[in-house]
Amino acid sequence: MEYNHLKIESKWQRYWLENKTFKTKKDLSKKKCYVLDMFPYPSGAGLHVGHPLGYTATDIYSRFKRLQGFNVLHPMGWDAFGLPAEQYAIKTGTHPKITTESNIKNFKRQIQMLGFSYDWDREINTTDEKYYKWTQWIFLQLYKKGLAYESEVPVNWCPELKAVLANEEVVDGKSEIGGHPVVRKPMRQWMFRITDYAESLLDGLDDLDWPESVKDLQRNWIGKSKGCEVDFKIKGLSSNITVYTTRPDTLFGASYVVLSPEHPLVEKLTLDEKKVEVENYIKLASTKSDFDRGELNKDKTGVFIGSYAINPVNNAEIPIWIADYVLMSYGTGSIMAVPGHDDRDFDFAKKFELPIIEVVEGGNLEKAAFTGKKGKIINSSNEDGLDLNQIEVKEAIEKSILWLESKGLGKRRIQYKLKDWLFSRQRYWGEPIPIIHSNDQIVPIDESELPLKLPEVDKYEPSETGESPLANISEWLNTEQGRRETNTMPQWAGSCWYFLRFIDPLNTTEAWSKEKENYWMPVDLYVGGVEHAVLHLLYSRFWHHVLYDLGLVSTKEPFKKLFNQGMIQGEDGQKMSKSRGNVINPDDVVKEYGADSFRLYEMFMGPLEKSKPWKTKGLQGCYRFLRKIWRLFHDKTKNIKYNCANKETLKILHQTIKKVTEDFDNLRFNTAVSQLMIFTNHLVTLNTLDREVLHTFLVLLNPFAPHLSEEINAKLGNDTIASMKWPKYDNSLIIATTSTVAVQFNGKMRGTIEIASNSEQKIARETVMADKNLKKFFEGMEVIKVIYINDKLINFVLKQLS
RNA sequence: GCCGGUGUGGCGGAAUUGGUAGACGCGAUGGAUUCAAAAUCCAUUUCUCGCAAGGGAGUGGGGGUUCGAUCCCCUCCACCGGUACCA
């Protein structure tokens with residue numbers, strides 16, 4: 001009888017759907033396990049074989065945990081707002097809802113054909129008004145807490161897409177989608193004060209079971225630095241320039257001050273004779289995109305504006321420049337330049353022939369700035385009680401801050417790179433922001449009026465003003481109270497809290513029930529791509545921290561354990577892409593080899609977190625393995641009986657239970673597959689098979705190959721594996737009676753001996769002495785030392801007999 | 001530049017975290033079965049010297065610690081990812 005994967009797989013998939021086999025249990029007294037995938041954006045292209053890698057891993061883990069008796073929450077949904085459907089609408093006039101629906105249908109079909117055990121009764125869709133009602137509700141909670149505000153911000157305007165892009169959507173000065181040019185344009189925007197939560201977000205990382213690399217990425221993104229503000233008086237004026245520095249110890253080395261071209265004091269401090277030059281420079285800087293200003297153009301430019309600042313530590317008069325290497329968006333938008341100990345200031349000083357003063361020992365200022373933080377301070381004392389000479393940098397920083405504070409010249413400050421989150425998009429296909437503008441007043445709409453539904457429009461192009469298409473619908477736009485907000489939310493919004501809705505997806509009176517939230521949160525295992533290491537994971541953590549502070553959720557952090565699956569490359573080792581023509585379509589794979597082979601192969605390829613190329617030959621190997629199992633159970637020459645397992649079989653069985661259980665717990669699926677192969681290879685050599693052993697084997701195989709294992713299991717006359725218990729191993733059956741012990745002389749492998757397990761060193765030593773191949777190594781030698789590791793190794797350290 | 005990661009046979013990858021390097025799979029070679037093929041089964045397969053018995057080398061390179069290093073330390077190299085004038 002042939003292994004017909006198509007028939008078997010559709011049979012069991014139908015069975016699972018009809019019987020709701022994987023429906024989450026209502027029983028909140030059982031121990032729980034929340035296993036979550038990063039839900040996909042349902043694109044028109046459908047899945048390629050890379051997508052289901054993480055889904056397969058979580059499916060195996062979920063099935064494993066269910067068999068272990070956990071109440072498992074394993075849901076799937078759709079992050080369906082987003083630009084592609086909107087662009088398609090602009091091009092073809094097709095409503096994004098239609099596109100989205102059909103894409104979801106295709107995604108769902110593909111996901112279901114792989115036999116994943118999602119609880120489909122909890123499926124959610126971020127574009128569903130029953131869902132985004134609560135996204136809007138959360139927005140209002142954040143607004144009421146004072147975390148949402150309006151601001152006129154220069155944004156990334158893409159004339160081609162007629163849309164404002166977020167920084168992360170701009171790559172190398174061009175739109176990430178389509179590669180169109182992007183320019184700066186100021187526009188009214190909604191912002192979130194995520195910076196208020198910088199410290200909280202940083203702190204929360206420490207205890208998370210996340211890859212260190214992802215935590216580091218977030219730490220770098222938040223970019224905490226410690227330093228102080230220093231006030232520089234301006235010669236002949238009463239105003240001050242406040243700079244931010246992390247190196248107040250180098251104040252005596254400050255030889256000029258630089259303002260960002262956008263700095264508010266520039267106009268006031270520019271002397272008349274410098275006006276033209278300065279204005280030209282400012283104009284030039286403003287037309288440059290961020291990209292030109294930073295990435296490509298590391299050549300320093302700048303203009304002396306004519307005024308002088310006074311160095312507070314030594315009253316030196318130092319020139320004030322403007323230069324675009326100083327960013328208005330960081331610190332105070334102005335710096336004290338210490339060319340001796342900062343690379344950028346050094347370059348600038350060299351170019352414009354400004355003085356370079358050495359204040360930390362250890363470098364060669366002829367060649368480069370010395371930026372090291374180990375060294376003694378020199379040339380740094382004044383008559384006002386500050387003497388840093390011969391003090392180490394670290395201590396000098398502390399001492400100078402204390403001095404500045406005591407003199408009222410500066411104060412300690414912590415600075416973050418993290419900026420407030422631009423939370424509005426001038427687009428149609430997103431959640432409307434539930435706000436009305438009433439005579440310059442911002443009025444949040446009443447919670448009882450939610451959801452604020454996305455209205456139908458005729459045209460999907462943004463309005464003439466660059467506002468979203470919503471600005472064109474006057475009957476929607478104008479209310480008795482005033483004009484509606486036309487901005488919509490960015491795609492991140494829906495994914496910021498979807499894991500909370502999965503807990504209670506049908507609740508119509510609240511976003512989630514407190515009781516259920518308390519039971520299910522946090523997410524025990526969250527699997528997805530590294531590309532979300534910062535944005536999605538930072539934004540959703542931010543919302544969650546706020547919800548926690550509002551008492552709406554019971555845990556501060558939403559995701560206890562995070563795991564990033566690797567990428568699957570094409571057979572050529574390159575990234576899978578249409579243009580390279582190396583895309584493998586899961587539909588074809590499943591049709592030819594079946595979902596079980598597909599799942600098994602994706603897990604067998606290598607460690608889950610690593611990137612690795614797809615090899616059809618490798619897939620065929622897994623297919624062969626499954627067919628071997630199928631044949632094992634259909635081989636007429638083999639007898640299947642009760643109580644006939646031999647010692648060897650039981651030993652390998654229990655080794656396999658142990659290995660697979662431990663590997664599953666650690667998400668090491670590739671080695672679990674190997675172990676199942678080893679066990680299968682052993683079973684194939686037997687003529688008589690034990691029913692119980694076979695049944696246990698099928699339970700172990702089930703998470704990888706659920707269809708095949710259920711089918712064979714049913715043929716053996718057993719109840720469905722989904723109702724079984726995960727086996728436990730018996731260590732006494734694993735321990736061998738004899739051991740192979742490695743024999744080394746001076747650390748070199750020379751052979752092995754077989755002795756009873758747990759033998760004493762004396763026995764091992766005598767066995768080696770008696771071994772005809774090994775005893776010769778003792779000739780003419782003296783044993784100095786013997787290292788003996790029980791059941792593993794004996795090493796003789798020898799010396800020539802003199 | 002900075003941060004992070006990786007480097008093991010022809011290939012994907014194992015190795016209980018300091019104790020027999022190369023499990024398992026792919027590929028390859030030889031054989032069985034077949035009219036033939038597919039499928040299946042058996043054997044070999046790190047490199048190298050040797051007919052063999054046996055040697056020697058070997059986990060990116062170099063050095064170190066140790067009886068013993070893929071694993072720990074130092075240093076260099078290559079590739080991948082992130083980030084970038086953040087004061």
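A, B, ... follow the sequence lines: proteins, then strands. Residue 1 opens every chain.
Taking the ring axis of A:F348 as reference, the NZ or CZ atom of A:K300 does not stay both within 45° of it and closer than 6.0 Å to the ring centre.
The phosphate of B:rU40 has OP1 or OP2 within less than 4.0 Å of a side-chain N or O from A:R627. In this structure, A:R624 reaches the B:rG27 phosphate: one of its side-chain N or O atoms is under 4.0 Å from OP1 or OP2. Using a 4.0 Å cut-off, no side-chain N or O of A:Y244 falls inside it from OP1 or OP2 of B:rA87. Distances shorter than 4.0 Å separate some side-chain N or O of A:R631 from OP1 or OP2 on B:rC41.
Minimum interatomic distance between A:S759 and A:Y788 (heavy atoms only, all atoms of both residues): O-OH, 3.0 Å.
A donor-acceptor pair shorter than 3.5 Å can be found between the side chains of A:E571 and A:T616. Between A:D231 and A:T242, the side chains place a donor N or O and an acceptor N or O closer than 3.5 Å (distance only, hydrogens not considered).
The listed nucleotides are B:rG56, B:rC26, B:rA87; the one nearest the side chain of A:T245 is B:rA87. Among the nucleotides B:rG56, B:rA87, B:rU20, the one closest to the side chain of A:T246 is B:rA87. With B:rA87, B:rC85, B:rG55 as the candidates, the nucleotide lying closest to the side chain of A:Y330 is B:rA87. Side chain of A:K785, nearest nucleotide from B:rC67, B:rG25, B:rA87: B:rC67.
When the C1' atom is used for both B:rG55 and B:rC11, the distance is 30 Å, rounded to whole Å. Rounded to whole Å, the separation between the C1' atoms of B:rC49 and B:rG64 comes to 31 Å. Taking the P atom of each, B:rU45 and B:rA52 are spaced 13 Å apart, rounded to whole Å. Taking atom P in both B:rG4 and B:rA57, one finds a spacing of 37 Å when rounded to whole Å. Nucleotides B:rG68 and B:rU6 have their P atoms positioned 27 Å apart, rounded to a whole Å. Look at the C1' atom in both B:rG50 and B:rC73: the space between them is 40 Å, to the nearest Å. B:rU59 sits 13 Å from B:rG10 when the P atoms are compared, rounded to a whole Å. The P atoms of B:rA38 and B:rG30 are separated by 14 Å, rounded to the nearest whole Å.
To the nearest angstrom, C1' of B:rC67 lies 15 Å from CE of A:M749. Between A:R750 atom CZ and B:rA53 atom P there is a gap of 16 Å when expressed in whole angstrom units. Whole-Å rounding puts the A:L626 CG to B:rC26 P distance at 12 Å. Spacing between atom NZ of A:K575 and atom P of B:rC79 amounts to 20 Å, rounded to whole angstrom units. One atom, CD of A:Q655, and another, P of B:rC24, lie 13 Å apart when rounded to the nearest Å. The separation between A:Q620 atom CD and B:rG27 atom P is 7 Å, rounded to whole Å. Taking atom NZ of A:K628 as the reference point, atom P of B:rC42 lies 7 Å away to the nearest angstrom. With rounding to whole Å, A:D324 atom CG is found 18 Å from B:rA87 atom P.
Taking the six-membered ring wherever Trp is involved, the centroid distance between the rings of A:F778 and A:F796 falls below 6.0 Å. Between A:Y593 and A:F598, the ring center distance fails the sub-6.0 Å criterion. Proximity of the aromatic rings of A:F633 and A:Y3 is defined here by a centroid distance below 6.0 angstrom, and this criterion is not met. Ring to ring, A:W321 and A:F352 are close: their centroids are under 6.0 angstrom apart.
Partner assigned to B:rA78 is B:rU6, using Watson-Crick or G-U wobble distances below 3.5 angstrom. B:rC47 is paired with B:rG56 under the Watson-Crick or G-U wobble criterion, all donor-acceptor distances under 3.5 Å. Pairing for B:rG68 is absent, with no Watson-Crick or G-U wobble pair whose two atom distances lie under 3.5 Å. Taking a pair to require two hydrogen-bonding distances under 3.5 Å in either a Watson-Crick or a G-U wobble arrangement, B:rC11 pairs with B:rG25. Pairing for B:rU83 goes to B:rG1, judged as Watson-Crick or G-U wobble with the two contacts each under 3.5 Å. If you check B:rU16 for Watson-Crick or wobble pairing at under 3.5 angstrom, you find it has no partner at all. With a cut-off of 3.5 Å on both Watson-Crick or G-U wobble distances, the partner of B:rU34 is given as none.
Within residues 751-763 of chain A, the residues having any heavy atom under 4.0 Å from RNA chain B are, by residue number, A:T752.
In this structure, B:rU8 is classed as anti because its glycosidic torsion departs from zero by more than 90°. Nucleotide B:rG25 is shown with an anti base, its glycosidic torsion being more than 90° from 0.
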Expected string for nucleotides 70-76 of chain B under the B/S/- scheme (protein heavy atoms, under 4.0 Å, primed atoms plus P, OP1, OP2 as sugar-phosphate) is -------

The contact string for nucleotides 3-19 of chain B, one letter per nucleotide 5' to 3', using protein heavy atoms under 4.0 Å with B, S and - for base, sugar-phosphate only and none, comes out as SS-------BSS-B--B

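When each of A:V313, A:V338, A:I357 is paired with A:F252, the side-chain contact (heavy atoms from CB on, under 4.5 Å) condition holds for A:V313 and for no other.
We find that A:D663 and A:K659 are joined by a salt bridge, their nearest charged nitrogen and carboxylate oxygen being less than 4.0 Å apart. Taking the charged nitrogens against the carboxylate oxygens, A:D216 and A:R219 do have a contact shorter than 4.0 Å, which makes a salt bridge.
Looking at heavy-atom distances under 4.0 Å, A:T740 makes contact with a base. No contact: A:D345 has no heavy atom under 4.0 Å from any strand. A:G621 comes within 4.0 angstrom of the backbone, heavy atoms only, and of no base. Among the protein residues, A:K617 comes within range of the sugar-phosphate backbone only, with heavy atoms under 4.0 Å from sugar or phosphate atoms but none that close to a base. Residue contacts shown for A:Y256 are absent, as no nucleic acid heavy atom lies under 4.0 Å away.
More than 12 heavy atoms of other residues, nucleotides or ligands lie within 6.0 Å of CD in A:E662, so this atom counts as buried by the packing criterion. With a 6.0 Å radius and a threshold of 12 heavy atoms from other residues, nucleotides or ligands, A:K351 has its NZ atom above the threshold. At most 12 non-hydrogen atoms from other residues, nucleotides or ligands lie less than 6.0 angstrom from NZ of A:K575.
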Applying ring-ring contact (aromatic ring centres under 6.0 Å, His included), run through A:F704 and A:F664 and close with a yes or a no. CA-CA 11 Å; A:F704 285 115; A:F664 278 4; 5.3 Å; yes

